Amino acid sequence: MNRADVAARVIAWFAAHARPLPWREPDAGPWAVLVSEFMLQQTPVARVLPQYAAWLERWPTPTALADDEPADAVRAWGRLGYPRRAQRLHAAATAIRDHHGGAVPADHDALLALPGVGAYTAAAVASFGFGQRHVVLDTNVRRVLARLEGGQAFPPASLTRAEVTRAQSWLPDDPAQAAAWAAASMELGALVCTADSPACERCPVADACAWLRAGRPAWDGPPRRGQTYAGTDRQCRGVLLGVLRAADAGVPRAQLLAAWPADAAQAERALASLITDGLARSRGDGTISL
DNA sequence: AAGACGTGGCT
DNA sequence: TAGCCAAGTCT
């Protein structure tokens, strides 16, 4: 029962059970993969699906997006969340237009240099978009490996060097197989080896799982801190940005701030941070716009 | 390197 | 219901 055999079974399971997602279709090129990866950062598949289709229809190439305004991208992002991702995707498209001839680069380091592209996204695009061999370590794969080999219910709070080393040891030698493993191990985590109530009875490698063998012990590490949201600056920013997204023209400053009546000082602070981040701009006539 | 950064669905 | 969680990145 070596890693290659276990990985092969996960890949076979994927062939039979993978969801038919548009960015995995044969006609989805690197640009489609890049767009999907940006949208999927911390956002569930179900909410990404409609936005993804609309986005690619409007901007079928990086250059098409780069030639429009960043504000258009933020508005089209809608309610996907973390609107800075829209801003960064626009910036990445601009870099692709200006420095890569309009084609998404295949080189891992070139991908990593793009705005909003970190270790995961660079590896994912190189792997799914170009069939290369990279460690693709997202939250799903981290959890799968933590259980399968580590015997722990969850991975550490932040990505460790040990996890990367472990993931490397699972990567098939052949590039095509490595890319298949990346997609399959992610899908296994998303559909079977889920964070809560994992479906071990449907797991193709349950017999090889250290965590299941140990009786599925509960997480005994440090408490994973929750994400409080109500009343935070983040929520306030979201409300203000929602108003700006919906507006055709600039919104009078006072009217915008009135959208967060609970705490005027907080609204001022949130607006200032949005402007600093380039997600909102103050216009000459005293109005605010995207 | 811990914390900021949106949003909505599920239990 | 309130908290947890979702294909992370940046500082």
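Order of the sequence lines fixes the chain letters, A, B, ..., with proteins taken first and strands second; residue numbering starts at 1 for each chain. As the structure is a computational prediction, the values presented were derived from the model and not from experiment.
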- [ ] Test A:Y52 against every option in A:W23, A:W59, A:F38, A:W77 by the ring pair (Phe, Tyr, Trp, His ring centres under 6.0 Å) rule and name the one that passes.
- [x] A:W23
Task: First of A:T232 and A:D196 reached from the 5' end of DNA chain B, by closest nucleotide - done: A:T232
Open item on the list: Could you tell me how far C:dA6 sits from B:dA1 if I compare only their P atoms? Round to whole Å.
Closed with: 23 Å
Task: C:dG8 OP1/OP2 closer than 4.0 Å to side-chain N/O of A:Q42 - done: yes
Task: Between P of C:dG8 and CD of A:E163, the distance in whole Å - done: 13 Å
TODO: Keeping to residues at least two apart or across chains, list the side chain to side chain donor-acceptor pair (under 3.5 Å) pairs with something in residues 26-39 of chain A.
DONE: A:E37-A:Y120
Task: Nucleotides bounding contact with chain A, strand DNA chain B, heavy-atom threshold 4.0 Å - done: B:dG3 to B:dG8
Task: Position toward the 5' end of DNA chain C (nearest nucleotide), A:M186 or A:P115 - done: A:M186
Open item on the list: Using whole Å, what does the distance between atom P of nucleotide C:dG8 and atom CH2 of A:W77 come to?
Closed with: 13 Å
Open item on the list: If you take any heavy atom closer than 4.0 Å to DNA chain C, which residues from residues 135-156 of chain A end up in contact?
Closed with: A:D138, A:T139, A:N140, A:R143
Open item on the list: Taking 4.0 Å as the cut-off, does a side-chain nitrogen or oxygen of A:S36 come that near to OP1 or OP2 on C:dA7?
Closed with: no
TODO: State whether the side chain of A:R245 and the backbone N or O of A:V74 hold a donor-acceptor pair below 3.5 Å, judged by distance alone.
DONE: no
